[in-house]
Amino acid sequence: FDAVDVIAAKRDRQRLSDAQIDWVIDAYTRGVVADEQMSALAMAVYLNGMERSEIARWTQAMIRSGERMDFSSLDRPTADKHSTGGVGDKITLPLAPLVAVFGVSVPQLSGRGLGHTGGTLDKLESIPGWRAALSNDEIMEMLSSAGPGAVICAAGAGLAPADKKLYALRDTTGTVSCVPLIASSIMSKKIAEGTGALVLDVKVGSGAFMKELSQARELAETMVALGKDAGVTTRALLTDMSTPLGRTAGNALEVRESLEVLSGGGPADVVDLTVALASEMLDAAGRPVGEDEIRSALADGRAMDVWRQMIRRQDGDPDAPLPVAAETEVVTAPDDGVLTRLDALAIGVAAWRLGAGRARKEDPVQAVAGVEMHAKPGDTVRRGQPLLTLHTATHERFARAMEALAGGIVISETGSQAAQAALARR
Ligand code: URA
């Protein structure tokens, strides 16, 4: 095969053959197909799409590019959750220990944030001592009934290496938000991970990759079909990402909020989504549990007990104080009225610019940086009342974070969108 022929075929809207797909993914993983050729192919796929059968073959080829984990020797069923990415989406943190309470093991192999979306590993790394990288043996120990029964850790370099290369390339070539490429990227990792059941939290709205409901639905259906073909019980929920989840976006800030949920409190939207996803995971794993019983495991400390074991086993100190920002600024309401818009993308970009996210894959993140929200859409606010607290270690970052917020916060007298006054800082 020749890379140029494969690119030209997709450029000319042809269906790629199974052999072409197998070859191009393998050759790209080995460095025989160059980054510029894969970029051109990704753009051709972005523009011209792939049929379901092509996506399935592409996903299989990405799985075969690396190792597959196997949890079949565990004495318990496994279930995992994957979110397509959002702002303030800390759900994995309370969810993994919560599901483990009910005898279902949760192998949550997670990633880091890129762009305005947060990453689970970046959040957990704000806990002093906590270690993301585990060996396969350590992962098995964590998942067994002798361990906490859940693990949140980094996906090893051996898992779907084709996706690792391709995802980094897509991120710098404007080819991320494309259903065939997102579906194959996520599902190759989750199938290679070896989970028995999978619940997908497909985000839709300004802060998500899929801005429109129709696109999100297509992504969900494509991923569910890929999972079923691979023998993984797969379900999907479509959930709103037009405004951030909960009241925090940022690393240590989100850990703090997750601890509130694990202590039986926390914002209702975070608790409700955690419980809904836990219920789906337990049901998909063949161990259905009622929502009241799931909620009681948050209220009575059982989920917190599992969390504490999980953190300790990865060398974290669950009792250590979380880092706090040296610099904070409060953004106040410019008018009396109802907060009608608190845009997920605007808050996500502001948190990113404050230092919670990275511009390039190798950049460090600030544990302390992020945005705390004191009001949510629908709340009545008064002029001068604090709306947000911005947190960072670097004072110079406030100005660009404020720029990101312009237009993202709307207060209206009538509930309709009114002209927006300039936001004030103090
Ligand atoms: N998350 C992934 O893992 N891959 C994508 O392509 C998009 C979101």
Side-chain angles (χ1 to χ4, degrees), residues 25 28-29 38-39 41-43 45-47 49-50 54-56 58-63 65-66 80-87 89-92 107-123 132 152-193 195 198-212 215-224 226-227 230 232 234 236-239 241 245 344-345 348 352 357-358 361:
I25 296 292
Y28 178 57
T29 310
M38 199 59 175
S39 310
L41 180 58
M43 186 57 84
V45 169
Y46 188 97
L47 296 172
M50 285 202 282
E54 286 177 284
I55 303 173
W58 184 282
T59 306
Q60 289 299 332
M62 298 230 287
I63 295 168
S65 72
D80 192 6
K81 183 270 309 189
H82 186 84
S83 154
T84 57
V87 178
D89 185 358
K90 70 275 297 171
I91 302 294
T92 292
Q108 185 76 59
L109 272 47
S110 300
R112 295 181 189 283
L114 202 59
H116 74 279
T117 65
T120 299
L121 301 179
D122 294 329
K123 294 171 197 179
I152 305 175
C153 67
L159 208 75
D163 177 63
K164 289 208 171 58
K165 277 187 86 172
L166 182 55
Y167 190 80
L169 194 68
R170 286 165 55 213
D171 197 52
T172 55
T173 56
T175 51
V176 171
S177 53
C178 157
V179 166
L181 295 175
I182 296 178
S184 55
S185 166
I186 291 175
M187 294 307 291
S188 63
K189 283 175 287 204
K190 292 290 150 179
I191 295 166
E193 171 198 275
T195 187
L198 177 63
V199 176
L200 297 160
D201 183 8
V202 178
K203 297 293 186 196
V204 56
S206 71
F209 289 124
M210 302 285 110
K211 313 287 181 205
E212 304 295 330
Q215 285 177 309
R217 186 165 286 135
E218 190 195 336
L219 177 62
E221 285 169 3
T222 306
M223 292 196 291
V224 168
L226 288 170
V232 180
T234 308
L237 268 63
L238 296 176
T239 68
M241 192 30 74
L245 263 170
L345 183 62
W352 177 21
R358 44 175 76 73
K361 261 178 49 177

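What's counted below: heavy atoms across the whole structure, side chains too, no hydrogens, waters or symmetry copies. First listed ligand is number 1; within each ligand, the first listed atom is number 1. This chain uses plain numbering: 1 for the first residue, then up along the sequence.
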Mark up the atoms of ligand 1 that fall under 4.0 Å of a heavy atom belonging to K189, in ascending order.
2 (C), 3 (O), 4 (N)
Starting from atom 8 (C) of ligand 1, locate the nearest protein heavy atom and write down its residue, its atom name and how far away it is, to 0.1 Å.
F209 CE1, 3.8 Å
Neighbour count above 12 (heavy atom, 6.0 Å) for R217 CZ
no
Decide side chain to side chain donor-acceptor pair (under 3.5 Å) for S83 and D89; before the verdict, give the C-alpha distance in whole Å, the side-chain angles of both, and the deciding distance to 0.1 Å.
CA-CA 8 Å; S83 154; D89 185 358; 2.8 Å; yes
Around atom 1 (N) of ligand 1, find the nearest protein heavy atom and jot down its residue, atom name and distance.
I186 CG1, 3.8 Å
Spacing of L237 atom CG and K203 atom NZ [to the nearest 0.5 Å]:
9.0 Å
Side-chain H-bond candidate by donor/acceptor type, K211 with S206, under 3.5 Å
no
Atom indices of ligand 1, in the order listed, that fall short of 4.0 Å to a heavy atom of S185:
2 (C), 3 (O), 4 (N), 5 (C), 6 (O)
To the nearest 0.5 Å, tell me how far L166 CG sits from L41 CG.
8.5 Å
Return the NZ to CE distance between K165 and M38, rounded to the nearest 0.5 Å.
9.0 Å
Starting from atom 5 (C) of ligand 1, what is the nearest protein heavy atom, named by residue and atom, and what distance separates them?
Y167 CE1, 3.2 Å
Looking at ligand 1, would V176 count as a contact under a 4.0 Å heavy-atom criterion?
no
Does any N/O atom on R170 come nearer than 3.5 Å to any N/O atom on ligand 1?
yes
